[in-house]
Structures are given as structure tokens and as C-alpha cells.
> 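Take this structure first; my questions come after.
All chains are named by letter (A, B, ...) in the order of the sequence lines, taking the proteins before the strands, and each is independently numbered beginning at 1.
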2 protein chains.
Amino acid sequence: MGIKGMRTVPETGIRKRRILDAAELLFAEHGYDGVTLRKIAADADVDVALTNYHFGSKDGLFRAVFERRAVVLNQARLDALDACLKAAAPYAPTLEDVIEAYLRPLGDIQSSADDGWRHYLSLVAWVNSSTEWGNELMTAYFNPYVQRFIEALRSALPEADEKALHWGYQFMSGALTLTFADTRRMDRLSDGAASSGDAVTGYAHMIPFIAAGFERICGPKSGEDKPLDQ
Amino acid sequence: MGIKGMRTVPETGIRKRRILDAAELLFAEHGYDGVTLRKIAADADVDVALTNYHFGSKDGLFRAVFERRAVVLNQARLDALDACLKAAAPYAPTLEDVIEAYLRPLGDIQSSADDGWRHYLSLVAWVNSSTEWGNELMTAYFNPYVQRFIEALRSALPEADEKALHWGYQFMSGALTLTFADTRRMDRLSDGAASSGDAVTGYAHMIPFIAAGFERICGPKSGEDKPLDQ
DNA sequence: GTCTATATGTTGATAGAC
DNA sequence: GTCTATCAACATATAGAC
């Protein structure tokens, strides 16, 4: 086989991969309905029919894109969380350490030069705020990990009210999601003082911001912290 | 004119309004590309051609929907902010009062029975995290108001770093946006302990959470690390 | 203002040659 | 695995009768 200059490694998967990469970026930027298979194929520089050949349908392609990096991302975050818990053992980890273990891997990705991963985070942000896909995909792929994280939060905030804990997670998830989406609106709003592209500064502020929020509503003194008349 | 049982009030605008209402809900739920004019017309119980007659194009309809409530919403929030500033004068308002002035009107809308307004907030959430519409529409309609709010924040946090202030606003905006989106994911995640439909509890937690976050990264003691009871 | 009819293009998907 | 050719369905938008 080798003789006539033919590849000995099969190039199988090269086009399939290019489709995934192109779809990843386009879905992240425009959402599911804002993208056509033709545009994906054009950006991937392959024939339109290949998208259906490899993934069956547009729906199948979208799921394949989402699934591709979900497992490895969860594992990385799980490792960070475990390291944090082990470092603190036999005591409970501090709140800020738990938050940091949750956010740091994402911050590292976002400030990295890896376009694929950055686009993926953007896609996750879109899915997370989508009523159609969010419930199914986020629940299926990320809930088990999120549960572990909330457990860690609970151990760092032993007197936390269960409701407050989940609302706090919701706020953190929202702050994170908008940061991923990277709409560049902050740049104009702040007249250049702050840039949404500056992920390093973003996460440096986000970790203490979120930690303080949790402390306030879930802290040991959360009992008398009923700000509202209800 | 009255004689033959004809309406003396022109029914002009009834169908136009129904189109706006139907479009508002559908755009909020599925985004711009996830909705067809046919579906909007069907839900509004009018002919498809009417959508183009009244609004020129799908783009025009979308803008009309967004614009309809933007002005009145901004005015309501401006009033709340002014009331907060006046109540504190001649001193600077407290941080929590400013945050409350910003969030309270939204919380009131979301926990109200007014479907139209609730759908509108959902639409704003979608626009806010959209790369295609967010920059243009949010900037045009909401930036002037947001600037005023950030000014008020600045007066409550006199030593705030400008960058931190804007990042804090970004986190607040994200938390707010995801709460508007109301994907119901929290319900399952918390196994029923917390419900995203419970806006009253949500905002009751959100106000202190966000205030604590701002204090931590923008507070007078932001250099050090004063977690609680400061 | 409202409807019928239609123009004109695009969509996701497939069948079949290579 | 990849491409050509093609389908039926559906999209937005408009022209013209009422």
C-alpha cells in the first residue's frame, strides 16, 4: 500500500472533524436555528451532503458537537474539585477555594489560545440559556458534576439554606454564561476601561465576587439576613 | 356614523397589537431565527401578509417588539433610581439601596401576573446574550440608563476601581439574564427545593448576593479581604 | 386594513454514480 | 467516503382584489 505515495494513515475523520469544528463556531455564534448546513459545509470546505452522511441530521450534528468536549471538560473540573477537597482534608475546604476550583478551569480555557475550546464554552453558554436545548443537554451532561460542586459548597457553608444555595448557583451560572457569551458590550459601556476579551481580569474579579455573594446569603449568619419583608 | 351598529372607535391596531404580542412571546422563547412569520400570524390569528403590511419585514417586526416596552421600562427604573438618590440626599445612597432600585422593578414585573411584560423580560434576556442583536439593541435602548445606574454605584462605592465596577455590572447582568430566561433547570437540579418560577425568593436572594459581590471587589476595603460583618 | 394568490429563494434531506 | 443532482417543504415578501 505504501508504495505509490498514498497515506498509510487513513485520513478518515479529517473532514468529519472539520465539520464539527465549523459547526461548533457557527452554532456558538448564531444558535441552532441561525445556522444552515450549507454554511457549515462551506466553512468546513466540504460538500453539504457529508453533513448528513456523517451525522444523520442537523439535530444529530448539534448533539455531536455538544457531546464531543463535554466529557473531557467535566473530567478536568472534577479533578480540580477533588484536588481542592483533598488539599483541605480532613477539614472542609474554604468557600473561595471551592469557587476557584469551579471557575479556574474555565478561566484557563477562555484565556488560552485554543479557539476550539473557546468556541465550545460559547456554545455551552448558548445552550445554557436556551429553553429548547438547555434543559435536556445541560441536565444530561453537566448536572452530575454540578451536583458534586454544590455538595462541596454545602460543606464549605454548613449552615446554608438549601434554597439560597441553589439560587446562588443560579447567579453564578448566569454570570459565567454571560462572560462566555462575550458579546463585547462591556467594552463600549465602559468606554474601553474594561474589555470582555480580558478573561484573566474577568475571572480574577469573578471568584471573589461570587464567593462574597454566597457568604452573604448562605453564610453562618444567614439566619438574620432576611433583607426583605416576606 | 353610529347608526348601523358600526364601531365608532376604530378597531385599528387590534390586529397589529395581537401580532406584537404573539411575536413577543415567540421571539422570547425561540429567538429570532427560531420563529417564522407564519407561526406568529397563526398564533395572533391573523393573515400572514399582515405582518409585512404593518411592520415591513421580519426584522422590522422584531425591532418593533423590542422597542415597544423599552421606553416605559427605562422610565420606571429611572424613577426608582431617582427616588433612591433623593431619599439619601444629601448623602450618597447605600450600595444595597442602589442595587435594590435597579432590581426591584424587574422583580415586580417578573412576579406579576402580566404575561406580556414577563415575556418581554425574557426577550430582553435573549437579546442581551445574543451576539447579533445584543450589541446594537441593548446599547441603543438601555445603555443610557445603565450608565446612570453605574454612576449611582460609583457614588455608593467611592473608592471603586473602574474595571472592577464594570465587571461587577457584567456579573449582575448575567445573573439577571439567566433568571429572566427561566429555563426551569434549577427546579430539577435542586430536586424541587428551589423553583425558578419563584421570582420573589429569587430577587430576595439576588439583591444581597450582588451587593456583597460589589462590596468585595469595589469596596473601600477592597485591597484587603474582609469577608463578612464589615 | 385585510385577504388571496403567487413570486422567488432557501431549507434539510436523500438517491445514486463514482 | 465523497460528490452530483434533485426533492418536497417552507421561508420572506409582494401584487392586486375587495
> What integer distance in Å separates Phe55(A):CZ from dG12(C):P?
15 Å
> Taking side-chain hydrogen bond (donor to acceptor under 3.5 Å, both in side chains) as the test, write out the residues that go with Tyr141(A), two or more places apart.
Glu67(A)
> Calculate the interatomic distance between Leu50(A) atom CG and dT4(D) atom C1'; express it in whole Å.
12 Å
> Which side chain to side chain donor-acceptor pair (under 3.5 Å) pairs, counting each pair once, include a residue from residues 166-184 of chain A, with sequence neighbours left out?
Tyr102(A)-Tyr169(A), Asn128(A)-Ser173(A), Asn128(A)-Thr177(A), Asp182(A)-Ser196(A), Arg184(A)-Asp187(A)
> List the residues meeting side chain to side chain contact (heavy atoms under 4.5 Å, CB included) with Asp79(B), not counting sequence neighbours, and say none if there are none.
Gln75(B)
> According to salt bridge (Lys or Arg N to Asp or Glu O under 4.0 Å), does anything in residues 194-206 of chain A pair up with another residue at least two apart or in another chain? List the pairs.
none
> Should Lys58(A) and Tyr32(A) count as side-chain neighbours, where that means a heavy-atom distance under 4.5 Å?
yes
> Test of understanding: with side chain to side chain contact (heavy atoms under 4.5 Å, CB included), list the residues that count as partners of Ala28(B), not counting sequence neighbours.
Ser122(B), Leu123(B)
> Which atoms of nucleotides 13-18 of chain D (N or O only) lie under 3.5 Å from a protein N or O atom, and what are those distances?
| residue | atom | partner | partner atom | Å |
| --- | --- | --- | --- | --- |
| dA13(D) | OP2 | Asn52(B) | OD1 | 3.3 |
| dA13(D) | OP2 | Lys58(B) | N | 2.9 |

> Going by the rule side chain to side chain contact (heavy atoms under 4.5 Å, CB included), which residues pair with Ser111(B) if we only count those two or more places apart in sequence or in a different chain?
Ala199(B), Val200(B)
> For residues 16-34 of chain B, which residues have at least one heavy atom under 4.0 Å from DNA chain D?
none
> Is any side-chain N or O of Arg15(B) closer than 4.0 Å to OP1 or OP2 of dG1(C)?
no
> Could you pull out all residues at least two apart from Asp45(A) that satisfy side chain to side chain contact (heavy atoms under 4.5 Å, CB included)?
Arg18(A)
